[in-house]
Amino acid sequence: MTSLPFKPEGVFFDLDGTLLDSARDLYAAVVRLCDEQGVTPPPFDRVREVVSRGSRAMLAVAFPEADADAILGHVPRFLALYETLMGGDGSQPFEGVESVLSGLEAANVRWGIVTNKPGFLTDALLPRAVPHWTPAAVVSGDTLPVKKPDPAPVRHACAIAGCEAGRSVFVGDDRRDILAGRAAGLFTVAVRWGYLDGGNPDAWGADAVVDHPDDLARLLGVREVAA
């Protein structure tokens, strides 16, 4: 495993597929919408794979014959359904993630979230699913006019948390996370436990690739103090 070349000031994470396994709640919303439209829902695994690409990608799997305009037309209802369903057993931290976050806090390393999820969903999901989390920064997909892979949201999270980008880390399960983190000047880590969009994390140009949150804890130097 590549060694971290500095003691981090901040560690920033993608949300869905990196910190939270939220695919079951998202899939439940897909199924509900398919039922409303009289369409057979796709298999869970096909939806899970594209979760990190957002609602339109999931809906394209559910409605493969629909054009882009039709898919866009389904988005508001899908998000409304998801808002009512999210935050239950279908949105849980991945095994080992809580230890990483506890370790960072014990080591006085600030951590935050940079997600492409709309702010109204992010703001509702976090208190429902993980009310004990205390991120130093939360940047959603509509916090700024641009979202990942643009580096601006990552830089904005660093500024909110008061961390120097060159001494911070960005962790994600999608190629866009790595592109955004690298362009923002952070050390980037791709994780294999997420949704991956059918891609190979080794091909994304990340500074490090880890298989499990325990490996991430060791890379960040918080293994010994993790809860």
Side-chain angles (χ1 to χ4, degrees), residues 13-97 113-126 128-130 140-142 147-149 153 171-180 190-204 206 209-213:
F13 300 87
D14 173 54
L15 183 58
D16 299 289
T18 302
L19 292 179
L20 283 183
D21 187 358
S22 52
R24 290 287 176 187
D25 281 346
L26 287 160
Y27 181 66
V30 169
V31 171
R32 187 78 62 85
L33 182 61
C34 286
D35 289 345
E36 290 182 357
Q37 296 296 316
V39 173
T40 300
F44 169 69
D45 288 346
R46 288 183 57 205
V47 174
R48 184 186 189 278
E49 184 177 81
V50 302
V51 162
S52 290
R53 275 201 286 137
S55 56
R56 279 179 280 187
M58 288 180 274
L59 293 173
V61 172
F63 303 98
E65 304 301 321
D67 62 21
D69 288 340
I71 293 295
L72 189 60
H74 285 308
V75 169
R77 179 57 180 160
F78 170 71
L79 295 181
L81 289 168
Y82 174 56
E83 186 179 14
T84 66
L85 295 166
M86 68 182 184
D89 291 340
S91 293
Q92 297 290 323
F94 284 97
E95 180 183 359
V97 159
I113 294 167
V114 183
T115 176
N116 281 357
K117 185 187 291 290
F120 80 97
L121 294 176
T122 306
D123 294 344
L125 175 61
L126 292 176
R128 294 184 198 175
V130 282
S140 295
D142 51 3
K147 57 187 177 182
K148 299 176 296 182
V171 184
D173 73 309
D174 189 275
R175 184 171 179 268
R176 293 172 303 171
D177 297 320
I178 305 308
L179 291 174
V191 304
R192 295 190 197 276
W193 64 78
Y195 305 136
L196 305 182
D197 195 19
N200 176 9
D202 293 308
W204 297 345
V209 181
V210 295
D211 294 321
H212 189 275

[X] [atom1] to [Y] [atom2] distance, which is reported to the nearest 0.5 Å:
X	Y	atom1	atom2	value
His212	Glu95	NE2	CD	4.5 Å
Arg175	Asn200	CZ	CG	12.0 Å
Leu19	Phe94	CG	CZ	9.0 Å
Arg56	Phe63	CZ	CZ	15.5 Å
Asp89	Asp21	CG	CG	12.0 Å
Leu79	Met86	CG	CE	10.0 Å

For residues [X] and [Y], report the shortest heavy-atom separation together with the two atoms involved.
X	Y	result
Asp173	Ser52	OD2-OG, 2.8 Å
Pro64	Val61	CD-O, 3.5 Å
Leu20	Tyr195	O-OH, 3.7 Å
Pro41	Asp35	CG-OD1, 4.3 Å

List the atom pairs, donor and acceptor, that lie under 3.5 Å between side-chain atoms in residues 23-34 and the rest of the protein, sequence neighbours left out.
{"residue": "Asp25", "atom": "OD2", "partner": "Gly87", "partner atom": "N", "Å": "2.9"}
{"residue": "Asp25", "atom": "OD2", "partner": "Ser91", "partner atom": "N", "Å": "3.4"}
{"residue": "Asp25", "atom": "OD2", "partner": "Ser91", "partner atom": "OG", "Å": "2.7"}
{"residue": "Tyr27", "atom": "OH", "partner": "Pro42", "partner atom": "O", "Å": "2.7"}

Does a side-chain heavy-atom distance below 4.5 Å link [X] with [Y]?
X	Y	answer
Leu196	Trp204	yes
Met58	Val50	yes
Val210	Pro201	no

Using residues 68-77 as the side-chain source, report each donor-acceptor pair under 3.5 Å to any protein atom, sequence neighbours left out, with the distance given to one decimal.
{"residue": "Arg77", "atom": "NE", "partner": "Glu36", "partner atom": "OE1", "Å": "3.1"}
{"residue": "Arg77", "atom": "NE", "partner": "Glu36", "partner atom": "OE2", "Å": "3.3"}
{"residue": "Arg77", "atom": "NH2", "partner": "Glu36", "partner atom": "OE2", "Å": "2.6"}

Q. Near Asp202 CG, under 6.0 Å, is it more than 12 heavy atoms from other residues, nucleotides or ligands?
A. yes
Q: Count the heavy atoms of every other residue, nucleotide or ligand shown that sit under 6.0 Å from CD of Gln37, and state whether that count exceeds 12.
A: yes
(Q) Tell me if a side-chain donor or acceptor on Trp193 pairs with a main-chain N or O of Thr18 at a distance below 3.5 Å. (A) yes
Would you give me the side-chain donor-acceptor pairs under 3.5 Å for residues 113-124, sequence neighbours excluded?
{"residue": "Thr115", "atom": "OG1", "partner": "Lys117", "partner atom": "N", "Å": "3.0"}
{"residue": "Asn116", "atom": "OD1", "partner": "Lys148", "partner atom": "N", "Å": "3.2"}
{"residue": "Asn116", "atom": "ND2", "partner": "Lys148", "partner atom": "O", "Å": "3.1"}
{"residue": "Lys117", "atom": "NZ", "partner": "Asp16", "partner atom": "OD2", "Å": "3.2"}
{"residue": "Lys117", "atom": "NZ", "partner": "Tyr82", "partner atom": "OH", "Å": "3.0"}
{"residue": "Thr122", "atom": "OG1", "partner": "Lys117", "partner atom": "O", "Å": "3.4"}
{"residue": "Thr122", "atom": "OG1", "partner": "Pro118", "partner atom": "O", "Å": "3.2"}
{"residue": "Thr122", "atom": "OG1", "partner": "Ser140", "partner atom": "OG", "Å": "3.1"}

